[in-house]
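Residue numbering restarts at 1 for every chain, and letters A, B, ... go by the order of the sequence lines.
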Number of protein chains: 2
Amino acid sequence: MTARAVEPAVPSSTRERILLVASELFATRGYHATTTREIATAVGIRQPSLFHHFPSKEAILQTLLDSDLDVAVPHAEALAKDRGPASVRLYQYLEHDLTHLISSPYNLSGLYTEEVMRDPAFEPWIAKRRRLHRAIERILADGVAAGEFVDLPVEVVREAITGILVRTLTLASGEHHEDRVFCEQIVSLVMRAVLKDPARLPEIRRAAREEGGG
Amino acid sequence: MTARAVEPAVPSSTRERILLVASELFATRGYHATTTREIATAVGIRQPSLFHHFPSKEAILQTLLDSDLDVAVPHAEALAKDRGPASVRLYQYLEHDLTHLISSPYNLSGLYTEEVMRDPAFEPWIAKRRRLHRAIERILADGVAAGEFVDLPVEVVREAITGILVRTLTLASGEHHEDRVFCEQIVSLVMRAVLKDPARLPEIRRAAREEGGG
DNA sequence: GTCTATAATTGGATAGAC
DNA sequence: GTCTATCCAATTATAGAC
């Protein structure tokens, strides 16, 4: 059961098609520049028909935010509480998050923009994302304390990491790379930036995949 | 002379104050979500008075784009044509661009969003920025060919780099770090990510600052 | 569940006085 | 150079028929 929660598969309901189309438009034109008419037209219905499926335009975006955050936040917080090398946990976070973002049926690269993440209308989701950021920063702080990571302000490094994820996600959504390869390239790039000794990367990758990666 | 081109200093004209305020609002609320009324109110004038200084809302953004691109593009293209180690040139590009972005009187972090960079209304500026991207990618390709940089697709790495710059710029605009230190931290982070041998970083930094950095 | 018709509001921009 | 008054287009959302 709950096969729907795992993958919507082929039989897209209208509601599902709205989410697919809206995520694509939000990603390319931005949230505020995307009109409900455009969404409706792309779906193949009239503008007022949208409101049978969602009570508002905001609700569409909120549903998309949930589809990402409800997976990413619990996973990151579990990793933050975990003991074990911070390097391995950071690797696991990056691989899990990127894989989820890229394999999502929705184009999630338009969600985490300033126009959305500073809009009071989305405060509860902004708060959720803050928790994600705190979790990442805890892992980074652990790695700095253990001497695994270069000693930079965790807030700065976390911002850099999220910047990379969002931008490269845009790339991945456009031209479909070999997802698996693409994902590993980005993770390696980030890990090399923060590791004091990048030569440890293969060993860290192995450890990350043995434990929780399967 | 041309002291104005270097720094607008204290005596801000209304036109200058419009640019300052608009850049701040574009950065936090996004371009489309920012209304001309908000800009006018923040400046201390009425909405129609804006149109004495700029023919349209678009023109305000276009002026801000020019203030960045007219500096960044020629510099990056000169570095791309240059011979000499790609690592040193990449370092110079990063330091120059970040310094310029951070020291600008305008908050430029709202300019390079999808809602702007995919809007046909800004096509000439989008083209300018494509030239910047091509220049960066040429430097990256040189570094890969010379065996200095890790062998990843240059488009992916360039996207990651611009992602870092835009996001950390947001940070820098908020809480004012020691700019000099902050800038070097970001540059080092990026260089470590792309260098095959990060131990070379101090030497590269020295070379970058000797030559064109002064 | 989708439609037509339309309400209610807000957006960028203009006209013309001062 | 700024103002008031206003236009016109576009936007989200609702009402109610089918």
To the nearest angstrom, how far is [X] atom [atom1] from [N] atom [atom2]?
X	N	atom1	atom2	value
B:E38	C:dG12	CD	P	9 Å
A:F51	D:dT14	CZ	P	7 Å
A:R17	C:dT2	CZ	P	8 Å
B:H32	D:dA10	NE2	C1'	13 Å
B:I60	C:dG11	CD1	C1'	14 Å
A:L50	C:dT2	CG	C1'	11 Å
A:I18	C:dG1	CD1	P	10 Å
B:I39	C:dA13	CD1	C1'	13 Å

Tell me whether the side-chain N/O atoms of [X] come closer than 4.0 Å to OP1 or OP2 in [N].
X	N	result
A:R46	C:dT4	yes
B:T14	D:dG1	no
A:S49	C:dG1	no
A:H53	C:dT2	yes

Original post:
Just checking, A:K128 and A:F122: is the charged tip under 6.0 Å from the six-membered ring centre and within 45° of the axis?
Top reply: no
What nucleotide among [options] has an atom nearest to a side-chain atom of [X]?
X	options	result
A:P48	D:dT14, C:dA13, D:dT2	D:dT14
B:I45	D:dC3, C:dT2, D:dT12	D:dC3
B:Q47	C:dA13, C:dC3, D:dC3	C:dA13
A:S56	D:dT2, D:dA13, D:dT11	D:dA13
A:H52	C:dG12, D:dA13, C:dG1	C:dG1

Sugar-phosphate, base or nothing in reach of B:T35, heavy atoms under 4.0 Å: sugar-phosphate
Query - Sidechain N-carboxylate O distance under 4.0 Å for B:R29, B:E24 - result: no
Problem set entry | Pairing of A:R130 and A:E137 as salt bridge, 4.0 angstrom limit |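 The answer is no: the pair does not qualify as a salt bridge.
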Closest heavy-atom contact between A:V116 and A:Y31?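 Closest heavy-atom pair between A:V116 and A:Y31: CG2-CB, 3.9 Å.
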Q.
Nearest heavy atom decides the nucleotide; on that basis, is A:G44 or A:R37 closer to the 5' end of DNA chain C?
A.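 Looking at the nearest nucleotide for each, A:G44 comes out on the 5' side.
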Check your understanding: Is it the case that A:T168 and B:E159 place a side-chain donor and acceptor less than 3.5 Å from each other?
Key ->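 The criterion, which ignores hydrogens and geometry beyond distance, is not satisfied for B:E159 and A:T168.
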